[in-house]
Each structure stands twice: as C-alpha cells, then as structure tokens.
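Only one structure is covered here, and it is reproduced in the block below.
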Amino acid sequence: MLDPQLLRNDIEATAKALATRGYHLDVEAWNELEKNRKHFQVLQEKLQNQRTVVSKSIGQAKAKGEDAQPFFDQVKEIGQELDEAKKQFEAIQKEVAKITLYTPNLAQSDVPVGKDEEDNVEVRKWGTPTEFSFKPKDHVDLGIKNSWLDSESAAKLSGSRFTVLGGSIAKLQRVLAQFMLNTHTEKNGYHEHYVPFLVNDVAMTGSGQLPKFADDAFITTDDKYLIPTAEVPLTNLYAGTILKDSDLPIKMTAHTPCFRKEAGSYGKDTRGMIRQHQFEKVEMVQIVHPNESNQALEDMTACAEGILKALEIPFRTIVLCTGDMGFGAAKTYDIEVWLPGENQYREISSCSNCEDFQARRMQTRFREEGVKKPQLCHTLNGSGLAVGRCLIAVMENYQNEHGSIRIPKILQPYFGGLEVLS
RNA sequence: GGAGAGGUGGCAGAGCGGCUGAAUGCACUGGUCUUGAAAACCAGCAAGGGUUAAUAGCUCUUCGAGGGUUCAAAUCCCUCCCUCUCCGCCA
C-alpha cells in the first residue's frame, strides 16, 4: 500500500511513477473521489461530535434531575443526519480502498525504466556457462534415464505440474534445502523458523498477495490459503507489532513448500519441473530500519548468490526494470542460474526491497530512540534459493556423458563422502 | 468432539451503561539528588485518522472481529475468531 499522503498531495507525480510500472491511475477520478471523501468525512465527524456533546448534556441533566427532553429531540435529528453521512462516507471509503489496495509500489529512482523482461539489466555475472565435451541433456532426460523423475505418477495422483522424485534425487533435493538453511543460519545470521503452510486472508493481504492476486493462490474449504512462498508467514510474524529500533534488523529464514496455481502460464514451461504447482523453497526475510533497507537488499542478494557460489554453478544477477517488478517491490534483483539443458539462464531467486509497502499494510512498526511516533519498518524478501530449480541446476551442470551426476563438493559430506549419483 | 475460563495500552492487570482513552504496577522518557552510576523522589508517557502551513489548536475512531439495544457501550444482547484449563480422540 502506498502512503495515502502521496496520493492526496502529489497525485500527478505518483501517477507518472506508476505509469512506468504499467499501472494506470485515473487522476481525475481520484481527485473527484478525494473531494467527496473530505466533504463527507468532515461532515460525519462534525455530527458525531455534536451527538456526543448533546448526549453528555442528557447525562448531566438527568443527574441534576432536570428535564432532558429538549436534548432528546436534538439528538434524534442529529442521529438521522449522521446515519446518512455515514452511509455516504463508507461507500466512498470502499472506493478508496479499492484503489489503494490494488495499486503497486513505486520503483526506486535507480531502477531501470522498462516494459518487460527484455528491459531488465544485468548487473554482474559469476562463472562462465559450463562446457561439455558432449551434448548435455536437460533434467527431464536425466531424470527419466535414472528413474529419478516420475511425472506420470504425479499426473495420476494430482494432475499436471506436479512431480514425484525418487531415490537419490529426492535425497539431493532434501540435502540442498538442508545446506541452504544451514548456510543462512550458521553463516549469514538468519534465524530459522518453522511456519504454517496454511494462512488466513489477513496474512495474505498483509504481504500483498490479496486482494489483487487471489486467482494465483490455492484456497481451502475453510478459507485458508496455501502459502505461495514462506514470505507470507515470515513477514507477517511481526504484523501489528511495534518493535524497538534495537530489535532491528530481524533476519528470518524458513524452508517450506510453496503452492501456486500458475494461472495465466498455460503452455509455459510445461516440460519438466521448472514450473510446478508445488515446489520447495528456502526463503529469507528481513525487517529493517528504513535507512538500512538498500544495504540489506545487497546483503540478502549476496547471501542468495553465495549458495550458488558454494555449489560452483554459474549465474548472473539482473535488476528488474519497472515493468517487470512484482506488485510490492521497490527494487528487485533476480538471480538467474545457468541451465545447460536449456542453454540459457533461468530465474532461481528473486530478492526484493518492499520498503514500507508491506509494513503499512501489516502495521509493522518500530520506535526509535528520541522519536515520538512509531515509524514503519522496511521489509525485504528473497529466495535463498528455490530448491526445486536448484536441483535442476545441479543435475544439468554436474552431469556426466552417460547420465550420472557428480555431487557438488560442498554437499558430499551429506552423502557420506559419495561423489557420484547414478 | 465435550465441559469451563478468558481476550483491555509496550507488558502485567483493574474497570462491567454517562465524570473512563481507560485505575494501578512494570517498562520507557525527562528532572531532582550524586564525582559518576544505582536507589529514592517528582513529572511525562497508547495508536491511527481528519482538518491545517503546522510535529500548534480543534476533532473523529479504536478496550479480539462483526452486528444489535440505547440519547449514550470497554461495560448489556447476538454471531464469529482466537487463547488457556480439564476430559475424550489422535500423528
């Protein structure tokens, strides 16, 4: 949610900034709405005040044993007017909420302006695409050859966009998640959490998934949502709380499954386990002082990159342009890992600084020494990493000519020193 | 699933129709005292919104959520959510 003051006081500039994100804000309609809002809010408050004053007079008159009837007549009249004003105001508020809850965050000034992923800008590259003396297979061929991936069984159980993993590759996925979690908790200073995978609509609204993206999430029969990312439970852990500035930064991590409908991506990435309804992810979330969020984004991105460096898999990092950023983000880095089977880089992590966008929705605040009012925190989230896609990256980058895969050195201890999976 | 208790400010905890945005304690902030600190004492201290040039003044809302009764609701009624205790069942 944007600062309402921005919409009231600087509507032209705000609309212009939103336009770079492909969001059209109807300035004229907003101004009209705002005019009405002010009128009816002031009217309603005025009437409410009158009613309170007269009501108190009734109490006093009764206490003194005087006749309170004139006050009763007065208050009745006020009450009627008030009901009408209230009705009008509530209708307007609904309209206002429709706009504020559906409006995306503003991009930071250094974010490249652009339309779609074509306009994203590479900021750095690590390693060079893995070279092979043979034609590398993709993870699907590798998976089928070794009976590691079973999409037919998954289809039988659940439908499309699910995968059953078998044998050592199931273990490799588990080990990858374990390794990521260990790294973030032991080396990067993140606090581990185990969180619910079902959350309510308040949490989903707080982190920005609702109301706009309701179609992307799975909902249960008792109105709970399957989390699309651990960002939702982790970020909402501090919803409605006022922290001390000494509590900041709060750095959290969790390993969870993620569930996404992938509505609107029909026919996209249908092969293999790139885009699934259910996938594993290790997530990082930070709640920080507003002055620290930019640095925190750099740090968080480096932590995500650190996983790929440790695994010795080539990647590049790009900054998303205004048109490609997510709803709540003010700035986003995507990390793209090299996939030999596809002969291209594919997203494996997305790290975003949401500034106060989520904090305003959730009312996550902190009190600073010497400052009277609580201030909104800044929140960040980043994948560290998408485990399923990381599994693909390991398979494809570490494959041997006849379909076996080498285990990355750093993971070998988890396999009792084993070096190759076949 | 059955029985009971309860949800009030950063925390603990009173209030149970009008003088209560809310006693008291803790925490916090400022001051007195002290070489300094602690203790003691004094004072202050909820959040959000509107109006406004204003962090001034005025004002509205908020005591789990939503309805209702009333001139007036933290306080009475209804529905829902959540927490705790006991019993049952069960990873």
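Labels below follow one simple rule: chain letters A, B, ... track the order of the sequence lines, proteins then strands, and each chain is numbered from 1.
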Exercise. Give, ordered by number, those residues of residues 73-86 of chain A having at least one heavy-atom distance below 4.0 Å to an atom of RNA chain B; if nothing qualifies, reply none.
Key: A:V75
Quiz item: Is there a Watson-Crick or G-U wobble partner for B:C63 with both distances under 3.5 Å, and if so, which one is it?
Solution: none
Self-check item: Whichever of A:K244 and A:Q48 has its nearest RNA chain B nucleotide further upstream toward 5'
Solution: A:K244
Quiz prompt | Within residues 24-36 of chain A or reaching into it, pairs that qualify as side-chain hydrogen bond (donor to acceptor under 3.5 Å, both in side chains) - sequence neighbours excluded | solution = A:R8-A:E34, A:E34-A:R37
Quiz item: Using a cut-off of 4.0 Å on non-hydrogen atoms, how would the nucleic acid contact of A:F71 be classed: base, sugar-phosphate, or nothing?
Solution: nothing
Quiz item: According to a strict under-4.0 Å criterion, is A:N49 in side-chain N/O contact with OP1 or OP2 of B:C60?
Solution: yes
Quiz item: Considering only the P atoms, how many Å lie between B:G88 and B:U20, rounded to the nearest integer?
Solution: 49 Å
Quiz item: Are any of the side-chain nitrogens in A:R346 or A:E342 under 4.0 Å away from the carboxylate oxygens of its partner?
Solution: yes
Practice problem: Using the test side-chain hydrogen bond (donor to acceptor under 3.5 Å, both in side chains), find all partners of A:T20 that sit at least two apart in sequence or belong to another chain. | Solution: none
Practice problem: Can you sort out the partners of A:N400 under side-chain hydrogen bond (donor to acceptor under 3.5 Å, both in side chains), two or more places apart, ordered by chain and number? | Solution: A:S404, A:R406
Show the distances under 3.5 angstrom between N or O atoms of the protein and N or O atoms of nucleotides 44-49 of chain B.
{"unit_1": "B:A47", "atom_1": "OP1", "unit_2": "A:R367", "atom_2": "NH1", "d": "3.0"}
{"unit_1": "B:A47", "atom_1": "O3'", "unit_2": "A:R365", "atom_2": "NH1", "d": "2.7"}
{"unit_1": "B:A47", "atom_1": "O2'", "unit_2": "A:R365", "atom_2": "NH1", "d": "3.4"}
{"unit_1": "B:G48", "atom_1": "OP1", "unit_2": "A:R365", "atom_2": "NH1", "d": "3.1"}
{"unit_1": "B:G49", "atom_1": "O2'", "unit_2": "A:Q41", "atom_2": "NE2", "d": "3.4"}
{"unit_1": "B:G49", "atom_1": "N2", "unit_2": "A:E45", "atom_2": "OE1", "d": "2.9"}
{"unit_1": "B:G49", "atom_1": "N2", "unit_2": "A:E45", "atom_2": "OE2", "d": "2.7"}

Self-check item: Who pairs with B:A27 - Watson-Crick or G-U, where each distance is under 3.5 Å
Solution: none
Practice problem: Scan for ring-ring contact (aromatic ring centres under 6.0 Å, His included) pairs involving residues 197-233 of chain A, sequence neighbours excluded, and state none if there are none. | Solution: A:Y194-A:F197, A:F213-A:F327, A:F218-A:H277
Using distance only, find each side-chain donor-acceptor pair of residues 229-239 of chain A under 3.5 Å and give its atom names and separation, not counting sequence neighbours.
{"unit_1": "A:T229", "atom_1": "OG1", "unit_2": "A:E231", "atom_2": "N", "d": "3.0"}
{"unit_1": "A:T229", "atom_1": "OG1", "unit_2": "A:K281", "atom_2": "NZ", "d": "2.9"}
{"unit_1": "A:E231", "atom_1": "OE2", "unit_2": "A:Q358", "atom_2": "NE2", "d": "2.7"}
{"unit_1": "A:E231", "atom_1": "OE2", "unit_2": "A:N381", "atom_2": "ND2", "d": "3.3"}
{"unit_1": "A:T235", "atom_1": "OG1", "unit_2": "A:E231", "atom_2": "O", "d": "2.6"}
{"unit_1": "A:N236", "atom_1": "ND2", "unit_2": "A:A203", "atom_2": "O", "d": "2.8"}
{"unit_1": "A:N236", "atom_1": "ND2", "unit_2": "A:V232", "atom_2": "O", "d": "2.8"}

Quiz prompt | A:R360 with A:D356: basic N within carboxylate O range, under 4.0 Å | solution = yes
Quiz prompt | Same-atom distance (P) from B:G4 to B:G44, integer angstrom | solution = 46 Å
Quiz item: Which residue pairs satisfy the side-chain hydrogen bond (donor to acceptor under 3.5 Å, both in side chains) criterion with at least one member in residues 99-110 of chain A, sequence neighbours excluded?
Solution: A:Y23-A:T103, A:Q108-A:N294, A:Q108-A:E355, A:D110-A:K331
Quiz item: Considering residues at least two apart in sequence or located in another chain, which fulfil the side chain to side chain contact (heavy atoms under 4.5 Å, CB included) criterion with A:Q295?
Solution: A:E298, A:D299
Practice problem: Please identify each residue that fulfils ring pair (Phe, Tyr, Trp, His ring centres under 6.0 Å) with A:Y333, with sequence neighbours left out. | Solution: none
Quiz prompt | Between B:A47 and B:C11 - P atom distance, rounded Å | solution = 12 Å
Quiz item: Looking at residues at least two apart in the chain, or sitting in another chain, which of them share a side-chain hydrogen bond (donor to acceptor under 3.5 Å, both in side chains) with A:S168?
Solution: A:W148
Practice problem: Look at the side-chain N and O atoms of A:R37 and state whether any lies under 4.0 Å from the OP1 or OP2 oxygen of B:U51. | Solution: yes
Check the interface with nucleotides 15-23 of chain B: list each N/O to N/O pair with the protein under 3.5 Å, or write none.
{"unit_1": "B:G18", "atom_1": "N2", "unit_2": "A:S55", "atom_2": "O", "d": "2.9"}

Quiz item: On RNA chain B, nearest-nucleotide positions of A:R51 versus A:E34: which is more 5'?
Solution: A:E34
